[in-house]
Chemist: 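Provided herewith is a single structure, encoded as structure tokens, for subsequent inquiry.
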Amino acid sequence: MPGYGFPRKLRLTEPVQFKTVFNRADIKVSNRCFLILARRNELQHGRLGLVISKKNLPKAVQRNRIKRLLRAEFRLNQNLLDGLDIVILARSNMSSINNKTIAVNMAGLLSDLVRKSRAHVQSCS
RNA sequence: CGAGUCAGCCAGGCAACCGCUGAUACAAUUUCGUAUUGGAGGAAAGUCCGGGCUCCAUAGGGUAGAACGCCUGCUAACGGCAGGGGCGCGUGAGCGUACGGAAAGUGCAGCAGAGAGUAGACCGCCUCUAACUUUUGAAGUUAGAGGUAAGGGUGAAAGGGUGUGGUAAGAGCGCACCGCGCAGCUGGUAACAGUUUGCGGCAAGGUAAACCCCGUUCGGAGCAAGGCCAAAUAGGGAUCCUGAGGUGCGACCCGCACUGGAUUCGGGUAGGCUGCUAGAGGUGUUCGGUGACGAAUAUCCCAGAUGAAUGGUUGCUACGACCUUUUUUAGGGUCGGACAGAACCCGGCUUAUGGCUGACUCAAUUU
RNA sequence: GGCGCGGUGGCAGAGUGGUUAUGCAGCUGACUGCAACUCAGUGUACGCCGGUUCGAUUCCGACCCGCGCCU
């Protein structure tokens with residue numbers, strides 16, 4: 001698995017894919033900024049989907065900013081996340097939080113996620 | 001230095017690393033690689049107007065409805081813009097202005113007030129009559145009959161203003177001046193302005209962002225328009241309505257086009273391509289015009305995503321604010337950079353918002 | 001992205017150019033031994049900013065919210 005790229009095959013692009021993750025989310029991690037749902041897929045790589053609602057972040061600039069930051073975090077940590085379909089949901093009142101805090105938050109959440117997924121794999125096997 | 005008015009400009013820069021995406025080329029093959037190159041705004045926003053484009057008939061006629069409304073121009077078009085006029089606001093630079101018609105008709109004006117629309121008599125003023133009081137004449141009080149719009153008071157609004165004559169008291173009732181209306185003349189393309197001209201003699205109150213009248217404009221829907229391909233399925237069953245019918249042109253009638261239509265039962269798909277970015281395009285120069293704008297010419301190609309790209313981290317540096325050093329036209333440190341993200345494309349308007357520059361006005365002070 | 005509808009007390013819900021009804025809820029009093037029911041009284045509203053008008057919740061314009069429809 002090379003590098004830190006983020007091509008289209010690493011994204012969830014269809015409603016069916018989102019639905020499977022929502023209906024059978026094996027792993028859940030959250031803090032007061034985000035909620036992460038994840039589930040194992042049959043692929044060699046992870047896939048990312050983002051749910052940033054207009055209700056929680058009314059302005060398009062804010063939504064785009066959050067999405068870019070989340071994609072960057074996924075991109076840089078994707079080697080740890082292979083074989084997982086991940087959906088990240090944003091919670092409200094994110095507009096005042098700056099980029100650095102979000103990065104720190106996400107790093108913590110992703111490490112939690114990795115730990116839980118390993119535990120899940122072991123319990124399954 | 002302070003308070004303001006108007007106009008214009010910018011939306012920090014460079015580099016490194018990690019990424020996204022369009023186009024082109026080369027490799028390749030099943031969607032991945034390499035190289036080059038492009039990649040948000042002044043408001044991309046609100047969707048308030050106007051157009052292009054697409055379909056409905058090549059968008060036709062009439063009615064209804066809607067919008068607009070000083071004049072002249074600009075424009076593809078506009079409810080926009082430019083120049084000019086009237087009115088209003090401001091000491092001023094300047095700003096605002098839905099600004100046609102109330103002499104075609106209908107309506108409305110609560111409360112207050114005498115009266116609210118072919119005006120009106122509550123108080124007041126005046127005359128006359130009767131009674132009473134005082135009395136030389138005559139005056140006063142009360143009651144009644146009239147006259148009167150000068151004064152008071154009500155109201156958002158009370159049917160010209162000042163003076164003078166006149167009168168019982170008054171009154172455009174007459175006159176002078178001012179104001180007003182109509183006509184003429186002069187200037188101006190026009191709106192309109194001026195007038196030592198003539199006439200009228202004070203009506204024709206307000207409200208048209210009330211109905212309305214006059215003039216001008218407007219067919220409807222919207223790129224989720226529309227077109228193509230693929231996949232799936234049934235060319236299915238039942239009931240009803242009819243041929244002077246039904247459907248479409250999404251208010252109605254005409255007119256035009258098409259030819260069965262509607263309801264229901266059971267079942268299925270909603271994936272891709274295109275539309276899609278070369279345009280009333282940008283930039284520069286010259287010419288015409290007070291200006292909006294137009295013409296000519298040269299040059300450039302300058303976003304095209306679709307769970308939705310245009311970013312993240314770091315360093316240097318410019319700018320601003322604050323703190324500090326005292327080697328003071330300098331050095332060091334900290335913090336900050338607004339509003340906001342294209343979704344078919346343009347022209348405007350409105351709203352949000354950080355800063356810079358220039359011109360001008362007012363006030364105070366200095367020279 | 002486009003198109004359309006609405007905003008009136010704590011809640012529902014009429015209305016119109018001239019002091020905004022009504023019901024439920026709340027509070028006070030009466031009735032009761034105490035409550036309920038009932039009766040009487042009471043307070044709180046036209047989303048925000050401008051304009052037209054003597055006067056605007058209503059008419060006009062801009063803004064802010066909320067809701068619906070079209071793939």
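Naming convention: chains lettered A, B, ... in sequence-line order (proteins, then strands); numbering from 1 in each chain. Here the structure is a predicted model, which is why all the values come from computation and not from measurement.
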Chemist: Separation of A:K67 atom NZ from B:G341 atom C1', in whole Å?
Modeler: 11 Å
Chemist: Looking for any heavy atom pair under 4.0 Å, which part of the strands does A:R63 touch: base, sugar-phosphate only, or nothing?
Modeler: nothing
Chemist: Can you tell me how far P of B:G307 sits from CD1 of A:I88, to the nearest Å?
Modeler: 17 Å
Chemist: Do the side chain of A:K116 and the main chain of A:K28 share a donor and acceptor less than 3.5 angstrom apart?
Modeler: yes
Chemist: Rounded off to whole Å, could you give me the CG-to-P distance for the A:N64 and B:G39 pair?
Modeler: 19 Å
Chemist: Pair A:L84, A:I27 - check side chain to side chain contact (heavy atoms under 4.5 Å, CB included), show working.
Modeler: CA-CA 10 Å; A:L84 284 173; A:I27 307 156; 4.1 Å; yes
Chemist: Quickly work out the A:I66 CD1 to B:G312 P distance and round it to whole Å.
Modeler: 12 Å
Chemist: Grab the CG-C1' distance between A:L89 and B:G307 for me, whole Å please.
Modeler: 12 Å
Chemist: Please report, rounded to the nearest Å, how far the P atom of B:U353 is from the NZ atom of A:K59.
Modeler: 11 Å
Chemist: From the options B:G341, B:A308, B:C18, select the nucleotide whose nearest atom is closest to the side chain of A:L76.
Modeler: B:C18
Chemist: Quick check for you: among B:G19, B:G307, B:A40, whose closest atom lies nearest to any side-chain atom of A:V51?
Modeler: B:G307
Chemist: Less than 4.0 Å between a side-chain N and a carboxylate O, is that true for A:R47 and A:D85?
Modeler: yes
Chemist: In whole angstrom, what separates A:E73's CD from B:C18's P?
Modeler: 17 Å
Chemist: Sub-3.5 Å donor-acceptor pair from the side chain of A:Q78 to the main-chain atoms of A:R75, do we have one?
Modeler: yes
Chemist: Look at all strands and tell whether A:A72 reaches a base, only sugar-phosphate, or nothing, counting heavy atoms closer than 4.0 Å.
Modeler: nothing
Chemist: B:A23 and B:C273: how far apart are their P atoms, nearest whole angstrom?
Modeler: 12 Å
Chemist: Rounded to whole angstroms, how far apart are CZ on A:R65 and P on B:G312?
Modeler: 9 Å
Chemist: Tell me whether the OP1 or OP2 atom of B:G307 has a side-chain N or O from A:R47 closer than 4.0 Å.
Modeler: no
Chemist: Determine the Euclidean distance between corresponding P atoms of B:C192 and B:C71; express it in Å to zero decimal places.
Modeler: 9 Å
Chemist: Say we look at B:C68 and B:C48: how far apart would their P atoms be, to the nearest angstrom?
Modeler: 14 Å
Chemist: Under the side-chain contact (heavy atoms from CB on, under 4.5 Å) test against A:L89, which residue among A:L50, A:I52, A:L37 passes?
Modeler: A:L37
Chemist: Output yes when at least one side-chain N/O atom of A:R68 is less than 4.0 Å from OP1 or OP2 of B:U313, else no.
Modeler: no
